[in-house]
Amino acid sequence: MPFELETAAHPESLRRVAIEPVSRVEGHGKVTLLLDDNNKVHQVRLHIVEFRGFEKFIEGRPYWEVPVMVQRLCGICPVSHHLAASKAMDQIVGATLTPTAEKIRRLMHYGQILQSHALHFFHLSSPDLLFGFGSDVATRNIVGVVAAAPEIAKKGVLLRKYGQEVIRMTSGKRVHGTGSIPGGVNKSLHAEERAALQKDIYQIVAWSRDAVQMIKGLFAQNLAAYNAFGRFDAHNMCLVRADGAMDLYHGGLRARRSDGSTLFDHFDYDHYWDVITEDVKSWSYMKFPYFNAMGNSDDGWYRVGPLTRVTQCDFIPTPLADREREEFLAFDGGNAAGATLGYHWARMIEMLHAAEAIKDLLHDDDICGSDLMAAGKRQERGVGVIEAPRGTLIHHYRVDENDQVIRANLIVSTTHNNQAMNEAIRVVARQYLDGQELTEGLLNHIEVAIRCFDPCLSCATHALGQMPLEVEIVGVGGTVLDRMMRNGDGRCARPEPQ
Amino acid sequence: MSEQNIFLLDGEEIAFAPGQTIMQAAQSAHKYIPHLCWHPEFKPHGSCKLCTVKINGRFGSSCTVEAAAGQNVENRTAELDDKRRTLLQLLFVEGNHFCPSCEKSGDCLLQATAYEMGMMTPHFDHFYPDRPVDASHPDVMLDFNRCILCSLCVQASELADKKNVFVMGGRGMRGRKIILNSESGKLGDTDFSVDDRAASICPVGVILKKRVGFVVPYGERTYDKAPVSAVEAAK
Ligand code: SF4
Ligand code: FES
Ligand code: NI
């Protein structure tokens with residue numbers, strides 16, 4: 001059955017290749033490749049099973065419950081939702097945070113950045129990067145990394161653990177804490193907690209530096225391949241501080257076109273809908289946000305996340321990370337900064353920044369302060385935006401006079417990156433799809449491309465390790481031309497025709 | 001107190017005053033008998049059955065049965081705690097109890113008792129009943145998703161506040177519910193006040209003071225510090 005396409009002139013004549021689900025990505029995904037008559041990939045559709053209806057679920061709930069409740073959106077980025085919702089509810093209660101509250105929230109956020117980036121890089125991506133995208137699937141996993149490079153695997157585990165400790169101490173629990181509440185926080189750090197975190201932070205900074213060196217070395221070793229892999233041009237959007245610095249917790253929106261020119265800068269996110277619209281497409285549950293100035297989602301889609309933030313900020317306000325940013329931007333004449341695999345490098349620079357920022361906060365007495373809460377004039381609308389590990393995260397609520405949420409709109413990072421991921425897959429598929437035959441190599445490369453974005457596909461399930469993978473080429477008229485299964489253990493097989 | 005006014009609770013001698021129930025006598029002696037619908041300030045309702053003990057080998061509700069000399073009362077036995085766990089599981093699936101996002105978590109008698117009984121899962125299929133939230137009052141919110149029909153709010157409003165804001169109404173497992181005593185059926189149209197005894201009586205997370213949810217961090221809530229058995233025994 002032909003369905004509507006965005007870019008193909010004659011969609012009826014396209015063939016489809018479906019890949020599902022994508023392994024080692026959070027959640028479940030399915031990729032459809034639409035081929036033209038010359039067996040060239042014409043169009044890509046990444047289908048995502050999102051946790052639908054959550055916004056409806058929030059409606060009717062009291063506003064103070066929302067920062068805790070939204071953590072159930074996602075098993076992997078609950079802290080991001082916790083903080084974005086809290087920021088929105090700060091506006092509802094008309095609060096300007098006390099220094100202690102803001103610094104505890106920041107500490108929690110940097111802890112989340114650290115643990116999320118460490119998990120993604122060491123656990124999910126390092127197998128591909130260390131062993132090669134086409135290497136034996138039996139060893140291309142974290143178990144293989146532990147066997148081949150135990151020191152690297154160990155650092156990954158301990159970096160993540162440290163981030164989780166920061167989260168636990170600031171939010172009360174390692175997952176699903178309650179620390180951040182409308183107008184502030186419910187606890188600051190005890191002296192013993194602060195001392196415990198201070199003890200290891202220098203080691204954490206050092207290991208984060210090592211991680212940057214590791215991805216830098218991999219780039220240098222595989223320069224041409226890394227630069228070309230899944231490369232595409234995109235517009236960008238992220239928060240920046242008033243002075244243009246990277247700020248993952250708060251700032252104004254900066255958008256730049258793919259040619260580097262500015263579309264808007266320091267835009268107050270309180271009315272983000274003046275610059276962004278969410279497009280809907282019949283074939284996807286996930287929306288397609290675009291810049292209003294560009295009129296539609298075909299031209300106005302953009303990219304968010306570590307690569308955007310590191311390349312679009314004017315500087316990083318911690319010295320070691322900023323030096324790495326400069327090196328990244330200059331590397332190979334600026335090529336790495338435009339590469340899709342540059343996401344990994346940028347992610348490690350951010351991890352270093354988070355470690356440095358934690359270090360600075362741990363030396364600030366405000367984090368042990370007792371002035372936790374603020375309030376002001378009650379508002380009806382609240383918008384909270386943060387730069388979550390995966391990119392810009394928007395929470396938007398309306399609360400009625402009875403204190404109940406009457407409307408909620410969330411735009412998660414992975415939704416912002418929706419079309420950008422499709423573009424990366426398309427480039428990779430064009431590079432590696434030969435004829436209409438599916439190969440293990442193609443599947444692997446598509447997965448590596450998707451993984452660069454660290455998508456949180458369902459924002460509901462957290463699936464580590466290998467998942468079964470099904471690949472299908474559907475010809476014009478619906479005939480299955482080829483089908484390939486990849487089992488949970490990573491072995492590929494062609495099943496009997498049905 | 002005469003020598004005769006003594007019974008055995010799990011083998012320990014407990015003294016009682018004539019007319020005291022087993023529950024009251026145990027409470028006075030700082031012994032914990034699990035309970036949900038009983039509250040020392042009010043008359044026993046006898047509906048939750050969590051306080052069921054074995055008296056001389058026969059089941060009875062300790063909150064309603066009077067203490068008598070020479071009774072041999074079994075309380076925290078594996079047999080009884082097993083039954084209590086099942087009762088708790090039934091309560092959990094009958095309502096909508098989502099502890100991770102409930103502001104009463106850590107201060108909730110139902111949750112604390114479930115921990116005490118080692119309840120790991122709800123076991124039974126959830127009913128997911130459709131129950132309303134009433135946020136019409138300026139200072140207090142009602143979330144009936146969590147109501148266990150203990151009737152304490154009814155008694156507190158009637159006996160302590162002399163207001164009759166809450167009334168037990170309806171029939172049957174799905175029909176029985178707390179009704180608000182106002183024409184609109186909304187709390188905001190009653191003369192309820194946040195300072196009423198009934199405003200702070202609910203053992204679970206139905207009757208909640210507005211805008212203060214989650215201000216107490218983990219570690220400092222009632223049952224973070226000690227399990228319900230210890231908290232109750234210390235009373
Ligand atoms: S509202 Fe609370 S106090 Fe009233 S019956 Fe329900 S559980 Fe008991
Ligand atoms: S406490 Fe005795 S029946 Fe509820
Ligand atoms: Ni998520």
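Chain letters run A, B, ... following the sequence lines, proteins first, then strands; residues in each count from 1.
- Across all their heavy atoms, A:W64 and B:M141 have their closest contact at CZ2-SD, 4.2 Å.
- Distance check: B:D134 CG to A:Q404 CD gives 8.0 Å after rounding to the nearest 0.5 Å.
- Interatomic distance, A:H176 NE2 to B:C99 SG, rounded to the nearest 0.5 Å: 13.5 Å.
- Here the straight-line distance linking atom OG of B:S101 with atom CD1 of A:I58 works out to 10.5 Å at 0.5 Å rounding.
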Test log, rule side chain to side chain contact (heavy atoms under 4.5 Å, CB included), inputs B:F98 and A:M69 | CA-CA 10 Å; B:F98 302 119; A:M69 177 183 215; over 6 Å; no
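- Remark: the backbone N or O of B:F214 is paired with a side-chain donor or acceptor of A:N186 at under 3.5 angstrom.
- Atom NZ of B:K83 sits in a sparse spot, with 12 or fewer heavy atoms from other residues, nucleotides or ligands closer than 6.0 Å.
- Counting non-hydrogen atoms of other residues, nucleotides and ligands closer than 6.0 Å to NZ of A:K161 gives a total of 12 or fewer.
- For B:E183, the CD atom sits in a loose shell: 12 or fewer heavy atoms of surrounding residues, nucleotides or ligands are nearer than 6.0 Å.
- Taking the side chain as every heavy atom from C-beta outward, A:N402 and B:H137 never approach each other to under 4.5 Å.
- Contact annotation for B:N145: only side-chain heavy atoms (C-beta onward) come within less than 4.5 Å of a heavy atom of chain A.
- Between B:D143 and A:R61 the shortest side-chain heavy-atom distance falls below 4.5 Å.
- The environment of NZ in B:K177 is sparse: at most 12 heavy-atom neighbours from other residues, nucleotides or ligands sit within 6.0 Å.
- Other residues, nucleotides and ligands place no more than 12 heavy atoms under 6.0 Å from the CD atom of A:E380.
- Within 6.0 Å of OH on B:Y115 lie no more than 12 heavy atoms contributed by other residues, nucleotides or ligands.
- Scored by the side-chain hydrogen bond (donor to acceptor under 3.5 Å, both in side chains) test, A:D366 finds A:K103 as partners (sequence neighbours excluded).
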